[in-house]
Amino acid sequence: MTDRKSRRRARQSADVVIWALSRIIGARFHCAPCIAIMTQIRTRIAPSPTGDPHVGTAYIALFNRCFAHSQGGKFILRIEDTDQSRSTAQSEQDILSSLRWLGIEWDEGPDCGGEYGPYRQSQRSDIYRQHIETLLANGSAFRCFCSSERLDALRRQQMQEKRQTGYDGHCLSLTQAEVDSRVGAGEESVVRMAVPREGDCRFNDLLRGEVAIAWSQIDMQILIKSDGLPTYHFANVVDDHLMGISHVIRGEEWINSTPKHLLLYEYFGWEAPRFCHMPLLRNPDKSKLSKRKNPTSINYYRSMGYLPQALVNYLGMMGWSMPDGAEKFTLTQMTRSFDISRVSLGGPIFDLAKLDWLNGKYLREDFAAEDFIAAYASWAFPPDKLAAIVPLIMQRVDKFSDVAELAKPLVSGELPLEAGAFEHKQLAPSEVQRVLQFSLWRLESLADWQRDSIEAALQGLAAAMELKIRDFLFPLFVAMSGKPVSLSVIEAIRILGLDITRARLRSALSAMGGVSKKQLKLLQQEFHGFSWP
RNA sequence: GCACCGUUGGUCUAAUGGUCAGGAUUCCGGGCCUUCACCCCGGAGAUGUCGGUUCGAGUCCGGCACGGUGUACCA
């Protein structure tokens with residue numbers, strides 16, 4: 001702790017010097033990234049558009065943004081979409097709009113541009129191709145032709161012998177002529193980085209002090225995949241340098257691969273940025289926050305009716321505190337008082353009880369009745385949702401006083417489930433669980449969230465399970481509405497969206513007594529055995 | 001397995017090596033109040049463990065325990 005304090009002091013004075021320098025130099029030069037590195041604080045968030053917008057992304061983005069903006073620097077958003085098979089444009093859109101909803105805005109990014117673009121890695125292939133040539137030429141990277149079979153066998157053997165797993169340097173001994181002829185013959189290959197086998201890599205983490213990792217722990221990482229695209233490690237380093245990133249603030253999960261990154265900077269002859277590894281947000285069981293165990297999508301919090309300012313505030317309380325101890329603070333206040341050395345390293349548990357309290361505090365203290373009305377109305381009844389709800393309700397009511405009860409499932413979060421709610425004369429409890437779990441998996445994999453595709457997916461699933469659609473839908477009705485009779489369950493699913501649907505199906509599953517790990521595995525096998533049209 | 005990073009009430013956190021380890025949440029009790037909630041007051045509850053340095057350790061050093069992460073042609 002003392003150590004932390006003295007580091008904090010030292011850093012603050014160093015930052016002042018750098019800042020002053022940037023004022024002097026920055027006024028005269030506007031060119032290479034090297035100048036930017038020397039002169040300006042530049043941080044980034046580099047999400048991979050492979051799924052729901054994650055609260056962990058927002059968390060790291062928040063700290064990067066506060067760090068940069070508290071020192072007159074810039075905060076950049078870069079899309080890391082080198083994994084062609086998993087990246088989607090939809091996910092990218094969701095990430096941008098979620099961060100914007102939270103008020104975490106960026107100075108440069110794929111949507112707003114900037115001097116260091118493009119800000120999407122899939123548009124930077126030429127840059128990576130060019131840069132890998134440098135490493136290939138100076139011998140710090142090499143072509144590898146090993147098949148995945150050989151690599152698998154190698155790994156198995158290493159594990160059996162209880163040795164460290166990793167590449168054995170097989171292709172390191174290839175001559176240039178050999179490499180050229182095999183490449184010329186069209187043989188598939190990857191590019192790996194050479195890694196020393198002796199000694200330690202030492203670096204100074206902004207929060208943790210010196211970290212030493214033996215080079216023997218570091219694998220000869222693939223830099224360019226056989227599809228010609230870079231892996232994270234390579235693209236990340238090249239881009240961070242070219243974009244003038246001065247401080248890499250990222251999750252703790254990256255500590256172990258920092259030596260790879262440092263080595264790449266060295267191979268290129270570039271000055272490395274400062275590294276700062278934040279603690280990881282955790283599930284209540286202390287494992288890394290995951291959507292299997294918790295709602296992790298920012299969209300979930302949005303559709304549950306949390307306020308963006310409360311969620312950002314709450315994220316700011318994770319591993320960090322205001323110097324004056326204030327618990328309710330805005331993004332602006334956080335930025336103004338920001339001091340990265342106030343980050344505490346124990347992984348904070350993302351616990352909803354305190355978020356609820358904080359959100360309520362915002363609602364009570366910051367909203368006049370008319371503000372509340374406006375905010376609530378636009379949350380509960382945005383025009384398109386209202387248009388979808390009204391026709392459903394009109395058919396089923398006799399008088400206005402019936403409306404609220406019917407609409408309840410569509411404007412609520414989780415619903416209380418009565419004991420025995422899932423009793424059914426055709427379906428055994430285990431069958432009900434299967435329907436719920438399979439439906440959840442099926443819906444999660446749905447590409448578009450339209451009435452027809454949801455219906456088709458569920459019908460296909462019912463057929464695969466050899467259940468009558470009527471019986472099949474029963475558990476879903478109950479899970480989604482809390483009652484066996486209600487509005488169209490498919491409409492409800494469409495209107496409520498995946499996040500609320502997931503939460504309801506999950507709470508139904510746990511109301512049924514939960515699914516053990518063993519059961520889950522069996523169900524997974526069965527589910528993967530299904531085939532869809 | 002190996003490596004790395006962590007460890008203050010259940011949870012989020014505060015504490016220039018020096019008061020009685022402070023605040024928030026949660027839970028419980030009381031007050032306000034027609035009820036509930038809000039709000040106010042009060043209570044319960046923590047430095048993982050063993051050793052070392054020191055006049056003095058939550059804070060510095062070492063061992064152990066526990067937890068987490070990493071060990072991919074994912075990021």
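In the text below, chain A, chain B and the rest are named by the order of the sequence lines, each starting its count at 1.
In terms of heavy atoms, A:Ile222 sits closest to A:Thr231 at O-OG1, 2.7 Å.
Side-chain atoms of A:Ser303 and A:Asp499 form no donor-acceptor pair, as typed in the model, at a separation below 3.5 Å. Defined by atom type and a distance below 3.5 Å, a donor-acceptor pair is missing between the side-chain atoms of A:Asp126 and A:Gln130.
What separates CG of A:Leu358 from P of B:C12 is a distance of 15 Å, to the nearest Å. Taking atom CD of residue A:Glu149 and atom P of nucleotide B:C73, one finds them 13 Å apart after rounding to whole Å. The nearest whole Å value for the distance from the CG atom in A:Asn256 to the C1' atom in B:C4 is 4 Å.
Rounded to whole Å, the separation between the P atoms of B:A21 and B:C4 comes to 36 Å. Taking atom P in both B:A44 and B:G23, one finds a spacing of 12 Å when rounded to whole Å. Going from the P atom of B:A3 to that of B:A14 covers 31 Å, rounded to whole Å. B:G31 and B:G22 have their P atoms separated by 27 Å, with the value rounded to a whole Å. For B:U26 and B:U11, the P atoms lie 15 Å apart once the distance is rounded to whole Å. The separation of B:A15 from B:C60, taken at their P atoms, amounts to 13 Å, rounded to a whole angstrom. Going from the P atom of B:G42 to that of B:A24 covers 10 Å, rounded to whole Å. Here the separation of B:G43 from B:G9, taken at their C1' atoms, is 14 Å to the nearest Å.
Checked for salt-bridge contact, A:Lys328 and A:Asp366 meet the test: a charged N lies under 4.0 Å from a carboxylate O. Ion pairing between A:Lys354 and A:Glu327 holds under the 4.0 Å rule for side-chain N and carboxylate O. Between A:Arg65 and A:Glu105, no side-chain nitrogen of the basic residue sits less than 4.0 Å from a carboxylate oxygen of the acidic one, so the salt-bridge criterion is not met. For A:Arg150 and A:Asp168, the salt-bridge test passes: some basic side-chain N is under 4.0 Å from an acidic carboxylate O. Electrostatic pairing of A:Arg502 and A:Asp52 counts as a salt bridge here, judged by a charged N lying under 4.0 Å from a carboxylate O.
When A:Glu188, A:His170, A:Arg182 are each tested for a side chain to side chain contact (heavy atoms under 4.5 Å, CB included) with A:Phe145, only one passes: A:Arg182.
Each of B:C73, B:A75, B:A72 was ranked by its minimum atom distance to the side chain of A:Thr165; first place goes to B:A72. The side chain of A:Pro348 has B:U13 as its nearest neighbour among B:C4, B:U13, B:U11. Closest contact between the side chain of A:Asp351 and the listed nucleotides B:U69, B:U11, B:C73 involves B:U11. Listed nucleotides B:G10, B:A14, B:C4 differ in distance to A:Arg342; the shortest reach to its side chain belongs to B:A14. Across B:C73, B:C4, B:A14, the shortest atom-to-atom separation from the side chain of A:Val190 is found for B:C73.
The aromatic rings of A:His233 and A:His261 lie tilted to each other, with the angle between the two planes from 30° to 60°. Ring planes of A:Phe275 and A:His277: parallel class, angle under 30° (limits at 30 and 60°).
Heavy atoms of A:Ala212 sit under 4.0 angstrom from primed sugar atoms or phosphate atoms, though from no base atom. In this structure, A:Met318 reaches the sugar-phosphate backbone alone: every heavy-atom distance under 4.0 Å involves primed, P, OP1 or OP2 atoms, never a base. Using a 4.0 Å heavy-atom cutoff across all strands shown, A:Arg364 reaches sugar-phosphate atoms only and no base atom.
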(request) Any chance you could list the contact pattern along nucleotides 62-67 of chain B? Use B for base contacts, S for sugar-phosphate-only contacts and - for none, protein heavy atoms under 4.0 Å, 5' to 3'. (result) -----S
(message) I need a per-nucleotide contact map over nucleotides 19-32 of chain B, read 5' to 3'. Cutoff is protein heavy atoms under 4.0 Å; write B for the base, S for backbone only, - otherwise.
(response) ----BBS-------
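Within residues 76-85 of chain A, the residues having any heavy atom under 4.0 Å from RNA chain B are, by residue number, A:Glu80, A:Thr82, A:Asp83. Near RNA chain B, meaning a heavy atom under 4.0 Å from it, residues 213-228 of chain A has A:Ile213, A:Gln217, A:Ile222, A:Lys225, A:Ser226 in order of number. Only at 4.0 angstrom or more do the heavy atoms of residues 122-139 of chain A sit from any atom of RNA chain B, so none qualifies.
Residues passing the ring pair (Phe, Tyr, Trp, His ring centres under 6.0 Å) test with A:Phe350, sequence neighbours excluded: A:Tyr301, A:Tyr314.
Partner assigned to B:G67 is B:C5, using Watson-Crick or G-U wobble distances below 3.5 angstrom.
In this structure, A:Phe67 has its ring center closer than 6.0 angstrom to the ring center of A:His247.
In terms of phosphate contacts, A:Arg155 brings a side-chain nitrogen or oxygen within less than 4.0 Å of OP1 or OP2 of B:A72.
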